[in-house]
Trainee: 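Starting off with a structure, shown below.
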2 protein chains.
Amino acid sequence: MKKVYQNGVEATLDVIGGKWKPMIICHLAVQPLRTGDLRRAIPGITQKVLTDQLRDLINDGIINRIVLVNTAPCKVEYQLTSYGTSLGDVLMQMSIWGEQRVANLNQDGQDIQLLNGHEGFSKIQGGSSVS
Amino acid sequence: MKKVYQNGVEATLDVIGGKWKPMIICHLAVQPLRTGDLRRAIPGITQKVLTDQLRDLINDGIINRIVLVNTAPCKVEYQLTSYGTSLGDVLMQMSIWGEQRVANLNQDGQDIQLLNGHEGFSKIQGGSSVS
DNA sequence: CTGAATCCGATGCGATACTG
DNA sequence: CAGTATCGCATCGGATTCAG
């Protein structure tokens, strides 16, 4: 089927729009991880949702699925592709803007919690070291 | 109810994640527009969806709703707030990345159409003039 | 330990028709 | 012309269960 995007933003959201995808990318940016590691690193995610979103990211070329064959229990590892690292700047910008927004809202009396800062995304590629 | 975000990216997606919101912001970045104008500027959007997403953007402080009182048929106009303009850089980055992605996919034999480039977002604030 | 299968509720988006 | 109300559908994310 032929896709039509209004603009590049839609195309980007197709890739990172999933609820947990930014977190997954963030963790894999530091080092390759196995599914068990990811589940522990991302509290609240379920088995299905994790594998669903991992599959999406694989199909979009953001991560690689690597089967380690010479191990006793067959192990599976996921790692960011070089294409995946190109998302670093975008995620960084989005994370920073979102943090400022949360800060604003909380000043206006709302009670919003932000579990992780943007430092995680700075690990990707050169990691444009923003304060 | 208390909200909890994993990271800033989620908070940002809450604001611009709607299917048409980037387009709406893009058009309002150039000049204030009335609903009829927006419907004509955004082919495919329906009345309901447009007003739904406009209301969301108002509640999030991205746009202002201005009722022009001294006109024969009561007119309503929408304009970007200064807070809304702060989204400029983020949308720009996302649009550029998405455009490159579409280009890559089309080179791989897919047939994806991209209606608008990132130029529209350059109108926001200083409009960090990227090529 | 990895991950596939099934069921299900919430929600976003859309079509249509109606009010001021 | 601006906005609302109702209905419907598709998609996403989540709980649970089963298999290699």
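Quantities reported herein were computed from a predicted structural model and do not represent experimental measurements. So you know, we letter chains A, B, ... as the sequences are listed, proteins then strands, and number each from 1.
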Trainee: To which residues is Val4(A) joined in a hydrophobic cluster, defined by side-chain heavy-atom contacts under 4.5 Å among Ile, Leu, Val, Met, Phe, Trp and Tyr, whether direct or through other members?
Mentor: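 Other cluster members: Leu115(B).
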Trainee: Would you please test Ser95(B) and Glu99(B) for side chain to side chain donor-acceptor pair (under 3.5 Å) and show each step?
Mentor: CA-CA 6 Å; Ser95(B) 192; Glu99(B) 287 167 39; 3.2 Å; yes
Trainee: Looking at DNA chain D, which of residues 26-38 of chain A put a heavy atom within less than 4.0 Å of it?
Mentor: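 None, since no heavy atom is under 4.0 Å.
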Trainee: Only counting residues at least two apart or in another chain, list the ones meeting side chain to side chain contact (heavy atoms under 4.5 Å, CB included) with Val30(A).
Mentor: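 Val30(A) satisfies side chain to side chain contact (heavy atoms under 4.5 Å, CB included) with Lys123(A) only.
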Trainee: Under the rule for salt bridge (charged side-chain N to carboxylate O under 4.0 Å, His left out), what residues qualify as partners of Asp52(B), not counting sequence neighbours?
Mentor: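 Partners of Asp52(B) by the salt bridge (charged side-chain N to carboxylate O under 4.0 Å, His left out) criterion, ordered by chain and then number, come out as Lys48(B), Arg55(B).
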Trainee: For dT4(D), take OP1 and OP2 only and decide whether either is under 4.0 Å from a side-chain N or O of Arg55(B).
Mentor: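 For dT4(D), OP1 or OP2 has a side-chain N or O of Arg55(B) closer than 4.0 Å.
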Trainee: Figure out the CZ/P separation between Arg39(A) and dG13(D), and round it to whole Å.
Mentor: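 Distance, rounded to whole Å: 18 Å.
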Trainee: Arg34(B): what forms a salt bridge (charged side-chain N to carboxylate O under 4.0 Å, His left out) with it, not counting sequence neighbours?
Mentor: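 In terms of salt bridge (charged side-chain N to carboxylate O under 4.0 Å, His left out), with neighbours along the sequence ignored, Arg34(B) is linked to no residue.
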Trainee: In whole Å, I'd like the distance from the CG atom of Leu54(B) to the P atom of dT4(D).
Mentor: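 Interatomic distance, CG of Leu54(B) to P of dT4(D): 11 Å.
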Trainee: For a quick test of your reading: what N or O donor-acceptor pairs under 3.5 Å do the side chains of residues 13-26 of chain A make, sequence neighbours left out?
Mentor:
from: Asp14(A); atom 1: OD2; to: Lys3(A); atom 2: NZ; distance (Å): 3.4
from: Asp14(A); atom 1: OD2; to: Tyr5(A); atom 2: OH; distance (Å): 2.6
from: Lys21(A); atom 1: NZ; to: Asp56(A); atom 2: OD2; distance (Å): 3.3

Trainee: Each nucleotide in nucleotides 9-20 of chain C should get exactly one letter: B, S or -. Can you fill that in based on protein heavy atoms under 4.0 Å?
Mentor: ----BBB-----
Trainee: If the condition is salt bridge (charged side-chain N to carboxylate O under 4.0 Å, His left out), which residues does Arg39(A) pass it with, not counting sequence neighbours?
Mentor: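 Counting only residues at least two positions away or on another chain, Arg39(A) forms no salt bridge (charged side-chain N to carboxylate O under 4.0 Å, His left out).
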Trainee: Does Thr81(A) have any side chain to side chain contact (heavy atoms under 4.5 Å, CB included) partners at least two apart in sequence or in another chain, and if so, which?
Mentor: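 Side chain to side chain contact (heavy atoms under 4.5 Å, CB included) check on Thr81(A) returns Asn64(A), Tyr83(A).
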